[in-house]
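To start, the structure under review is shown below, and the notes come after it.
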Amino acid sequence: MPASFDVVFVGAGHNALVAAAYLAKAGRSVALLERSATPGGFVRSEELTLPGFLHDTYSALHPILAHGPVFAELGAELGDLGLRYLQGGISTGASLADGRSAVIPTDPAELAVELDRLGEYDGWIGLFADLDPHLGSLLPLLGMDLTTPEAGALLDRLYEEGATSALPFQELVTGSAFDLLTDRFHTEELRSTFLPWPLHVGLGPHEAAGALWASVFAAALTAGNPVPEGGSGRLVTVLTALVERHGGTVITDTEVDEVLVGGGRAMGVRTTEGAVYTAAEAVVATTAPGELYGRLLRYAPGVPAGVRGQAARFRYRRGCFQVNLALSRKPRFADPRLDQGGAVTLGRGVGELIRSVRQADDGLLPAHPSISWHESTAVDPGRAPAGSAVVRLQVLEAPLRPMGDAGGTIAADGRWTDEMAERFADRVVTEASRHVAGLAGMILARHVLSPAALAAANPNAGPGDSNAGHNGLAQGFTQRPVVAHRGGYATAVPGLFLIGGATWPGPGVSGASGRAVAHLLLS
C-alpha cells in the first residue's frame, strides 16, 4: 500500500468521511486512519441488546445533514449507493408528566392546527418574523470556516442589519434559549418542546448562545427530523463506499501516535506501530483539542505554549447518558401523535428541566431527568422483529463525575460505576414510564451507556461527552474550539486542520466541518 497521499486523516468519523469524499471526487489521493475496527466515530448502528434489534449506538437523527448542503451536493451519489432518509409525521414534540403534550408536525397545515390548539400561532409567527432577517445568512454560516472573508462578510451583515431589528443578531449570540422562548411562547407544552434542544449541542436553558441554537433548531425541525433507513450507521457505510469508489483509502484498527512536523508544516503522521504516512497537502484530524496539542503534537516545534494551555483547558460541562431498549411491542403515548417518530422530550416541565441541568452542573445525578425519547421503529420497522420496537432514551444533563444524587437513593463518589449506571437507568425508565403506560413490562433487554462508557468507546471525544465539549459562548462560535483557532479549522501548525464536534458549528451529524475543510483545501 502506498504510504504517501495528498491528504491524510487522523480518524474516520463522519466529518472526515465527508471531507474525504469531496477531495477524492476532485481527484485528490486520501487516506483515513481509524483506531477503531470500523469507521464512523459516534455514528454507528449495532444489535446492542438482542439479535434482530438494531440500535443507533450514539447519534440517531440527521436533520442538519439531510436538509443541508452536504446532502444537496452528495445526495444523488449517496442515494445510488443505498442511503435513504425516512421521515415520520412529526419532527419533535413534548410529553409532560401531567398528560399535556405538543407536537411539531412536518406538514405545514397540521403545524398551523397545532399552534392554534395551543394558542401559540401569533408567538410562532412573531418568532420567525424576528428571525427572518437573519436566517438567510445564519444558516449558510453554520457550514463555513469563520475565519474566511466570506464568513466575515456574513457576520458583518448579521451584526449590521441586526442593530436595528426587533431581534438583534447580537442578542442571539449572547442570549439564552430560556429568554428567547419564554418571551414568545406562553404554554408549558411548546416551551418544553424547544427549550431542551440546545442541550443536544451542550447548552443549558440559561446559558449564553442558547438563543442562537434554539433558533437554529426551530428552523431546522420545521423541515423534519429524518433518520437513515437501516440505522444511523448506514450513513457511514455509504460515505465509506463513496470515498472508496473515488479511490480513497480507509484503514481501520490503526491508531495515529504523532503528527509529524517538518519545514514549518505538517508532513504526515506516524502510527503506534511505527508506520509513516506522508501528506503532500494537509493532515486533517478529528479529535479533541487537548488530544491534538497534548499528544499528537507533543513533539512538534513552534507551537505556542499559550495555545497548548488553551487546548488543555477545553471544557466538558456535562455528559450524555443513554439507555437503548428492545421492546416486545410498540410503545404508545396517551397522545397518539407522539407515536409518529422524531425526537420527543419527556419531562415535568420547564422548572424541572432547569433544576436537572443545575443538579448535573453541581455534580449530582438529576432526581427527575428530562429524556429525549426516540423510537426508530416508528418510521423504520425493519430495525426490530415484527410487532416489536427499538427505543433510545437519552439524558443530556448527566454529570461527568457524579459526586452525589439529587434523588438521595444512589451512592456516588465521583466515578461512573456499572452499578451506578444501572441504578440511574432504572430511574430514567421509571420517568419514561410516566409517559408510556406499561413501558417496564415491554422491556426485553436494555443497553446502558454512561459518560464513562462513552469516554472508553472514543477517547478522542473527550472525558465522557459525546457532544464534544461545552458549546457556551466562552468556547463557542468564533471562540471554538479555542480562541487561537477563531472559529476556523486551521491549527497552530500550518498544513494541519482540526474538524469534528469540537469545532464550529459543534456537535451533531451535519458534515459541516468536513465539507468546509474540503472546500478550503480545494480552493
Taking salt bridge (Lys or Arg N to Asp or Glu O under 4.0 Å) as the cut-off, I'd like each qualifying pair that reaches into [range], sequence neighbours left out, listed once.
range	answer
residues 303-314	none
residues 257-270	Asp257-Arg295, Asp257-Arg298, Glu258-Arg270
residues 483-511	none

Working to the nearest 0.5 Å, report the span between [atom1] of [X] and [atom2] of [Y].
X	Y	atom1	atom2	value
Ser370	Leu199	OG	CG	6.0 Å
Arg234	Asp56	CZ	CG	13.5 Å
Arg35	Leu33	CZ	CG	13.0 Å
Tyr489	Met144	OH	CE	10.0 Å
Leu454	Gln322	CG	CD	7.0 Å
Glu291	Thr286	CD	OG1	12.0 Å

Report task. Could you name each residue pair satisfying ring-ring contact (aromatic ring centres under 6.0 Å, His included) that touches residues 215-247, not counting sequence neighbours? Result ->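 Pairs touching residues 215-247 that pass the test: Trp197-Phe217.
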
The complete set of ring-ring contact (aromatic ring centres under 6.0 Å, His included) pairs with one or both residues in residues 372-392, sequence neighbours excluded, reads Phe333-Trp373

Where do [X] and [Y] come nearest, in terms of heavy atoms and distance?
X	Y	result
Ala177	Ala214	CB-CB, 3.9 Å
Trp416	Ala398	CZ2-CB, 4.4 Å
Ala37	Asp253	CA-OD1, 3.4 Å
Val236	Val43	CG2-O, 3.4 Å
Gly319	Leu400	CA-CD2, 3.6 Å
His200	Ser372	CE1-OG, 3.7 Å

For residues [X] and [Y], determine if any side-chain heavy atom of one lies less than 4.5 Å from a side-chain heavy atom of the other.
X	Y	answer
Glu281	Arg28	yes
His67	Pro226	yes
His485	Thr491	yes
Leu473	Val173	yes
Phe53	Leu327	no
Leu142	Ser510	no
Leu296	Leu496	no
Leu23	Leu522	yes

Can you tell me if [X] uses its side chain to pair, donor with acceptor, with the backbone of [Y] under 3.5 Å?
X	Y	answer
Thr92	Ala343	yes
Lys330	Thr377	yes
Asp380	Gly230	yes
Trp504	Leu141	yes
Asp6	Ser29	yes
His14	Gly511	yes
Arg329	Gly387	no

Check: Would you call the rings of Tyr58 and Phe42 parallel, tilted or perpendicular, where under 30° means parallel and over 60° means perpendicular?
Finding: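 Judged by the thresholds at 30° and 60°, the geometry between Tyr58 and Phe42 is perpendicular.
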
Q. With under 30° as parallel and over 60° as perpendicular, where do the rings of His62 and Tyr85 fit, or are they tilted in between?
A.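 Perpendicular: the ring planes of His62 and Tyr85 meet at over 60°.
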
* Residues in side-chain hydrogen bond (donor to acceptor under 3.5 Å, both in side chains) contact with Ser36, at least two apart in sequence or another chain ->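 Ser36 satisfies side-chain hydrogen bond (donor to acceptor under 3.5 Å, both in side chains) with Glu34 only.
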
Q | Partner residues of Ser513 under the side-chain hydrogen bond (donor to acceptor under 3.5 Å, both in side chains) criterion, sequence neighbours left out | A |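 Ser513 satisfies side-chain hydrogen bond (donor to acceptor under 3.5 Å, both in side chains) with Asn15 once adjacent residues are dropped.
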
Run the salt bridge (charged side-chain N to carboxylate O under 4.0 Å, His left out) test against [X] and tell me which residues pass, sequence neighbours left out.
X	value
Glu244	none
Glu422	Arg446
Asp145	none
Glu73	Arg515

**Message:** Can you see whether Glu46 engages Thr57 through a side-chain donor-acceptor pair at a distance of less than 3.5 angstrom?
**Reply:**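 A pair is found: one side chain offers a donor N or O, the other an acceptor, under 3.5 Å apart.
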
Open item on the list: Can you see whether Ser91 engages Thr106 through a side-chain donor-acceptor pair at a distance of less than 3.5 angstrom?
Closed with: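 Per modelled atom types, Ser91 and Thr106 side chains form no pair under 3.5 Å.
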
Exactly one of Leu338, Leu325, Val391 clears side-chain contact (heavy atoms from CB on, under 4.5 Å) with Pro331, and that residue is Val391

Inset, instruction - Using side-chain contact (heavy atoms from CB on, under 4.5 Å) as the criterion, point out the one residue from Leu346, Val429, Val323, Leu396 that pairs with Ile371. - result: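 Single pass found, and it is Leu346.
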
* **All side-chain contact (heavy atoms from CB on, under 4.5 Å) counterparts of Pro369, not counting sequence neighbours** =>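 Pro369 satisfies side-chain contact (heavy atoms from CB on, under 4.5 Å) with Pro366, Val395, Glu397, Phe424, Arg427, Val428, Glu431 only.
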
**Study point:** side-chain contact (heavy atoms from CB on, under 4.5 Å) assessment of Leu83 paired with Leu235
**Key:** CA-CA 7 Å; Leu83 181 65; Leu235 172 65; 3.8 Å; yes

Hey, are Arg318 and Glu207 close enough for a salt bridge, meaning a charged N less than 4.0 Å from a carboxylate O?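 Looking at Glu207 together with Arg318, the answer is yes, because their closest N to O distance falls below 4.0 Å.
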
